[in-house]
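Counting begins at 1 with the first residue of the sequence.
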Amino acid sequence: MTESSTAKWANGDACHSTTSCITPEGSGFLRHNHDCYFPDDEKVQHGTCNGGLYSRPFKESFEETPMLVAVFTYLGYGILTIFGYLRDFLRDWKIEKCHIAREREEQKDFVPLYQDFENFYTRNLYMRIRDNWNRPICSVPGAKVDIVERVSHNYNWTFDYTGKVVKEVINMGSYNYLGFAENTGPCAEAAAEVTMKYGVGVSSTRQEMGNCSRHEELEKLVARFLGVESAMAFGMGFATNSMNIPALAGKGCLILSDELNHASLVLGARLSGSTIRVFKHNNMQSLEKLLKEAIAHGQPRSRRPWKKILILVEGIYSMEGSIVRLPEVIALKKKYKAYLYLDEAHSIGALGPRGRGVVDYFGLDPNDVDVMMGTFTKSFGAAGGYIGGRKELMDYLRTHSHSAVYATSMSLPVVEQIITSMKCIVGEDGTTVGRDRVQQLAANTTYFRKHLQDMGFIIYGNHDSPVVPLMLYMPAKIGAFGREMLQRNIAVVVVGFPATPIIESRARFCVSAAHTKAMLDTALGAISEVGDLLQLKYSRHRIVPSLDRAFDETTYEETEE
């Protein structure tokens, strides 16, 4: 593989790890396709997993869907689909009113404006439970939140506001991992002071009149926080991925993307014009297979070596609650001389003994990750994103990134919020508040996950992930769970198809350091009560290590030269 003339990133040689994990007694091996899974009560010595790549047990599990539950889930969607077609028939004959947007009669000979199935799914399935989403709040999204009450008189097609506010609802859905989304305290005071001095808007790009001293200080702080040479800040987290990946890869390059990567990573890869191949989620066997094929066969038709091979992964996957197997990804990246792009949107601040993300969590060298990306929207309670790495890479992006050249600079009150919260995490504010919050988040995560599993719910993901998916499966239970929890003053996020596989609908809890034990106990009590009411406690405690799930060797090539 030849290197591109731009953005040269460092790579080194390393031997690939073994697939064995040794128990403390040395009595045997567990072979689970690079997986290091251990029962809850089993201790593992440091440096004994995967040839020394892991210094701690990597406990990540996905319990199989019970067969009866899967059958009833498919049956539920089947019944909804049949009744959907029946209602469409009634709408065509003007018996039932259709509220959804449709093409006009005189435009029916043109290319359809709306996709047929998307329209069908929206009007016949999604509308039945639409009241669970887009609920307006009227307070800080902290540990508790105030929600504006609304009602629908036409089966969720439109909503009317009653003028009432549901107060003090325990917030189990916001990405406020460290509790910095608040309107009091040092962060809010610093942001207010900067607002009075600089104003809210910058009204220019960084390359013109929008580069301020606070932007420079933020980028130096981010680089120091990540342990890299340099960093850049951007005003929007989504655009940090979608607008920078095209600057890093292009025609003649290969992008290997995890199948569960965020939409911003997928969009950035597609905009780059690179060839895209997808590997199974967190499956090192699948990733190595694609790397071997890429090295052996080169580009399609021409068989020339790829100009660049870029691996895209996330730190924490927000729908699965799983953590990237970073030590193994880095070992593969070094072995095959590829580049690594790590999206730490959900892991930065939320993982690691110092809150430095997944690299800190595994005790790895930040320089082994070529492009470190993350957002300020979650753990820092602000907005925007960043990219960190070598100085040569940052200098290149400053002149080639669309977000750097064309986008307006970050609002300075937002910049100040990030600076203050990050200094708090680092300890540069002279207190231990940041460190205490990181430790509290870890403790809350362990406590919450363990109690949900003990209750008999099927919980996905890594044991240290503050993103906690609770499996609902059946479509009717998606809406029922959200409504029942709100009646008990608990705000939750429920997710269904197409955001998840059709039989893997779920509720997704986000644990925060701002949650007290009393709040978590209240939430757990309500979840258990609703779980009994809706019969959601499906677990048979048959935990399946993440990579023991069926491995489909099919790869997907979305774009070619």
Side-chain angles (χ1 to χ4, degrees), residues 6-7 9 175 206 218-219 222 226 228 230-250 253-279 281-282 308-320 322-324 326 329 333 338-350 357-359 366 369-380 382-390 393-394 396-410 414 418 467 499 558-559:
T6 56
W9 310 324
Y175 303 133
R206 292 285 296 275
L218 170 63
E219 292 178 342
V222 170
L226 298 175
V228 295
S230 183
M232 285 182 66
F234 304 90
M236 181 180 178
F238 191 97
T240 305
N241 279 331
S242 60
M243 293 291 100
N244 282 291
I245 292 176
L248 300 174
C253 297
L254 174 64
I255 291 179
L256 302 180
S257 177
D258 189 291
E259 66 176 341
L260 296 184
N261 275 342
H262 190 262
S264 59
L265 290 168
V266 175
L267 178 60
R270 288 175 175 170
L271 290 176
S272 71
S274 304
T275 299
I276 304 169
R277 290 176 184 160
V278 180
F279 62 91
H281 173 57
N282 238 358
K308 191 184 301 176
I309 299 178
L310 181 63
I311 303 171
L312 302 184
V313 294
E314 294 186 48
I316 293 178
Y317 292 84
S318 60
M319 285 297 173
E320 300 294 310
S322 55
I323 297 176
V324 65
L326 191 59
V329 175
K333 162 241 173 183
Y339 297 119
L340 177 58
Y341 186 109
L342 173 64
D343 178 347
E344 290 214 80
H346 287 269
S347 56
I348 193 68
V358 69
V359 175
V369 180
D370 303 297
V371 185
M372 297 187 69
M373 178 271 170
T375 62
F376 304 119
T377 56
K378 297 159 180 78
S379 295
F380 305 99
Y386 67 82
I387 284 185
R390 291 189 176 276
L393 172 62
M394 296 302 107
Y396 171 79
L397 288 178
R398 284 188 172 89
T399 58
H400 290 78
S401 167
H402 290 301
S403 288
V405 177
Y406 299 109
T408 302
S409 302
M410 291 181 70
V414 174
I418 301 166
V467 179
E558 298 186 5
T559 59

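- Remark: Asn244 CG to Tyr341 OH distance equals 6.0 Å, nearest 0.5 Å.
- The shortest side-chain heavy-atom distance between Leu310 and Ser274 does not fall under the 4.5 Å cut-off.
- Distance CZ/Arg206 to CE/Met232: 6.5 Å, rounded to 0.5 Å.
- You'll find the side chain of Met410 reaches within 4.5 Å of the side chain of Ile418, heavy atoms only.
- Atoms CD1 and CZ, on Ile309 and Arg277 in that order, are 9.0 Å from each other to the nearest 0.5 Å.
- Residues Val359 and Leu342 have side chains in contact (heavy-atom distance under 4.5 Å, counting atoms from C-beta outward).
- Scanning all heavy atoms of the two residues, the minimum distance from Ala233 to Leu218 falls at CB-CD2, 3.8 Å.
- Take Tyr317 and apply the side chain to side chain donor-acceptor pair (under 3.5 Å) test, not counting sequence neighbours, and it matches Asp258.
- At a threshold of 4.5 Å between non-hydrogen side-chain atoms, the residues Glu344 and Tyr386 count as touching.
- The two residues Pro246 and Ser272 make their nearest non-hydrogen contact at CA-CB, 3.7 Å.
- Shown here are the side chain to side chain contact (heavy atoms under 4.5 Å, CB included) partners of Ser242, two or more places apart in sequence or in another chain: Phe238, Ala239, Leu267.
- In terms of heavy atoms, Thr375 sits closest to Gly237 at CG2-CA, 3.8 Å.
- For Ser379, the side chain to side chain donor-acceptor pair (under 3.5 Å) criterion is met by no residue, not counting sequence neighbours.
- Looking only at distances, a side-chain donor or acceptor of Lys308 sits under 3.5 Å from a matching main-chain atom of Leu248.
- Side-chain atoms of Leu340 and Val313, non-hydrogen and from C-beta on, do get closer than 4.5 Å to each other.
- Asn241 and Asp343 share a donor-acceptor pair across their side chains, judged by distance under 3.5 Å alone.
- Note that the OG atom of Ser264 and the CD atom of Glu314 stand 7.0 Å from one another [nearest 0.5 Å].
- Lys333 NZ to Leu326 CG: the interatomic distance, rounded to the nearest 0.5 Å, is 9.5 Å.
- The shortest distance between side-chain heavy atoms of Val228 and Pro366 falls below 4.5 Å.
- Listed here is the closest heavy atom pair of Ala404 and Phe234: N-CE2, 4.1 Å.
- For the atom pair Ile245 CD1 and Met373 CE, the distance stands at 8.5 Å (nearest 0.5 Å).
- Asn282 contributes a side-chain N or O that, together with a main-chain N or O of Ile323, makes up a donor-acceptor pair within less than 3.5 Å.
- Within the 3.5 Å criterion, the main-chain N or O of Val278 finds no donor-acceptor partner in the side chain of Glu259.
- A heavy-atom distance below 4.5 Å is not found between the side chains of Ile316 and Val358.
- Contact check for Ile348 versus His346: no side-chain heavy atoms found under the 4.5 Å cut-off.
- Closest non-hydrogen pair, Gly384 versus Thr377, comes out as N-CG2, 3.7 Å.
- His400 and Tyr396 have parallel rings, their planes meeting at less than 30° on a 0 to 90° scale where 60° marks the start of perpendicular.
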- prompt: Would Ser230 and Arg398 satisfy side-chain contact (heavy atoms from CB on, under 4.5 Å), going step by step from the backbone distance to the final call?
  reply: CA-CA 12 Å; Ser230 183; Arg398 284 188 172 89; 4.0 Å; yes
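- Counting all heavy atoms, side chain and backbone alike, Ser403 lies closest to Ala407 at O-CB, 3.1 Å.
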